[in-house]
Amino acid sequence: MKVNILAIESSCDETAASVCINGQIASNVIASQKIHEQYGGVVPELASRAHMQNIVPVVDVALKNAGCSIKEIDAIAFTQSPGLIGALLVGGQFAKSLSLALEKPLIAVHHMQAHVIANLIEDPKPDFPFLCLTVSGGHTQIVLCESPLQMKVIGQTIDDAAGEAFDKTAKILGLPYPGGPLVDKYAKEGNPQAYAFPEPNIPRLDFSFSGLKTSILYFLQNAGKSHVYKESIQVSEVEKNAFIEAHLADICASVQHRIITILLNKLTKAAKETGIRSVCIAGGVSANSGLRQAIQELGAKNGWKVFIPKFEYCTDNAAMIAITGYYKYLANDFVDLSVTSTARAEWG
Ligand code: KG4
Ligand code: ZN
């Protein structure tokens, strides 16, 4: 049986479409929205408008690149949650309309589950059960995966996500949005041991990044003299900016090093507690070169099998929605047209 799935992703600021044929990605198209850069973050209303403009051409190109006509599509998968509600609604309504017009089944996908399933797009694929460290702009989770559709979140952030920690650091340093890739770039030239940022003591397998953000803020307000806010040594804007300029690479490397150790210490704890030795990473922050290298080294030391998706499957994309849609198709997991998009949805 040949199964062609068309998938649509529109949860944040990427309009994406993908076609998957029998579980293989045949096309993966993304239109990134540059308009948000000038605002230093994603503006929800502008994201929705850009999705409206992009969605038809992006789907057209995805079908064309896959060599597939719209009539050959067997089911339509879309990101139902979580995300910006206006953005989700554009992809969701488009998918529902297609499903109605083509009389083909509709598949609702949870964006975070799809990030994990991105590890099943290409060989070598992880064996079950595996642990996945899912690190994105809105989430930081450790997920225990028993099978493609059976997952449990066993740890997560109690405040900021790892991606937010990168982006907020970049903002404090005066770097443009999205700052994560820039922190990664400057960190390559710096010394990760230059400045010791504190590691929070959070129970169980949960994470916290808000204290780190405050620590960075105070550290810069004191031009590297202290992590603690002390009015007496708070320096002028000029002195602060001069400090940042002179030490940008070391600051980025040290912050990145701390974010990575927070993530990997919890992953190590999860591997010990569960006895699972197959580990993956997923989500936008898994594109970070320092994290990719550190998890490989840790895996070699601990005897883990480590799986890292290709860059294009780490950040938001529709291929991960298509593969999740494929597994849901095989499981007859469909929704009807009464389905609604939701900004937040518990899962796992
Ligand atoms: O998964 P994603 O594309 O979107 C969400 O679902 O949130 O993740 C976006 C996040 C942003 O915070 C971005 O700064 C971060 O991933 N990111 C990175 C890198 N590439 C993307 N963070 C650190 N280093 C990178 N190379
Ligand atoms: Zn994402």
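The first residue in the sequence is number 1, and the count goes up from there. The analysis underlying the following values was restricted to heavy atoms, covering all of them including side chains, and did not include hydrogens, waters or symmetry mates. Counting starts at 1 for both ligands and their atoms, following the listed order.
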Quick check with a 6.0 Å cut-off and a 45 degree axis cone: is Arg258 positioned over the face of Tyr195's six-membered ring?
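Cation-pi check for Arg258 and Tyr195: fails.
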Test of understanding: given a 4.0 Å heavy-atom threshold, classify the contact between [X] and ligand 1 as side chain, backbone, both, or neither.
X      : result
Glu14  : neither
His139 : neither
Asp184 : side chain

Residue His115, metal the Zn ion (ligand 2), N/O/S under 2.8 Å:
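Yes, His115 qualifies, because one of its backbone or side-chain N, O or S atoms lies under 2.8 Å.
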Let me check your reading of the structure: within less than 2.8 Å of the Zn ion (ligand 2), is there an N/O/S atom from His111?
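Yes, since at least one N, O or S atom of His111 sits under 2.8 Å from the Zn ion (ligand 2).
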Check this for me: does any side-chain nitrogen of one of Lys305 and Asp127 sit under 4.0 Å from a carboxylate oxygen of the other?
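Judged by the 4.0 Å cut-off on N to carboxylate O distance, Lys305 and Asp127 do form a salt bridge.
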Identify whether the distance between the nearest side-chain nitrogen and carboxylate oxygen of Lys301 and Glu297 falls below 4.0 Å.
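No.
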Taking atom types as modelled and ignoring hydrogens, do the side chains of Asn288 and Gln256 form a donor-acceptor contact shorter than 3.5 angstrom?
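Yes.
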Who's closest to atom 9 (C) of ligand 1 heavy-atom-wise, of Gly179, Pro82, Gly137?
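The option holding the nearest heavy atom is Gly137.
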Just wondering, are more than 12 heavy atoms of other shown residues or ligands nearer than 6.0 Å to CD in Glu245?
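Atom CD in Glu245 is not crowded, with 12 or fewer foreign heavy atoms closer than 6.0 Å.
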For the 3.5 Å polar cut-off, considering only N or O atoms, please tell me whether [X] and ligand 1 meet it.
X      : answer
Asp316 : yes
Asp167 : yes
Glu164 : no

Is the Tyr327-Tyr329 ring centre distance short of 6.0 angstrom?
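No.
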Close aromatic pair by centroid cut-off 6.0 Å: Phe78 and Phe94:
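When the ring centroids of Phe78 and Phe94 are compared, they turn out to be at least 6.0 Å apart.
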Run the contact test for Gln256 against ligand 1 with a 4.0 Å cut-off on heavy atoms, strictly below, and give the result.
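False for this residue.
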Quick check against the 3.5 Å criterion: does Glu9 have a side-chain atom that pairs as donor or acceptor with the backbone of Ser11?
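Flag set: sc Glu9 to bb Ser11 pair under 3.5 Å.
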Looking at the Zn ion (ligand 2), which N/O/S atom of Asp316 is the nearest one?
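Output for this pair reads OD1.
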Identity and separation of the nearest protein heavy atom to atom 20 (N) of ligand 1:
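Ranked first by proximity to atom 20 (N) of ligand 1 is Gly284 O, 3.5 Å.
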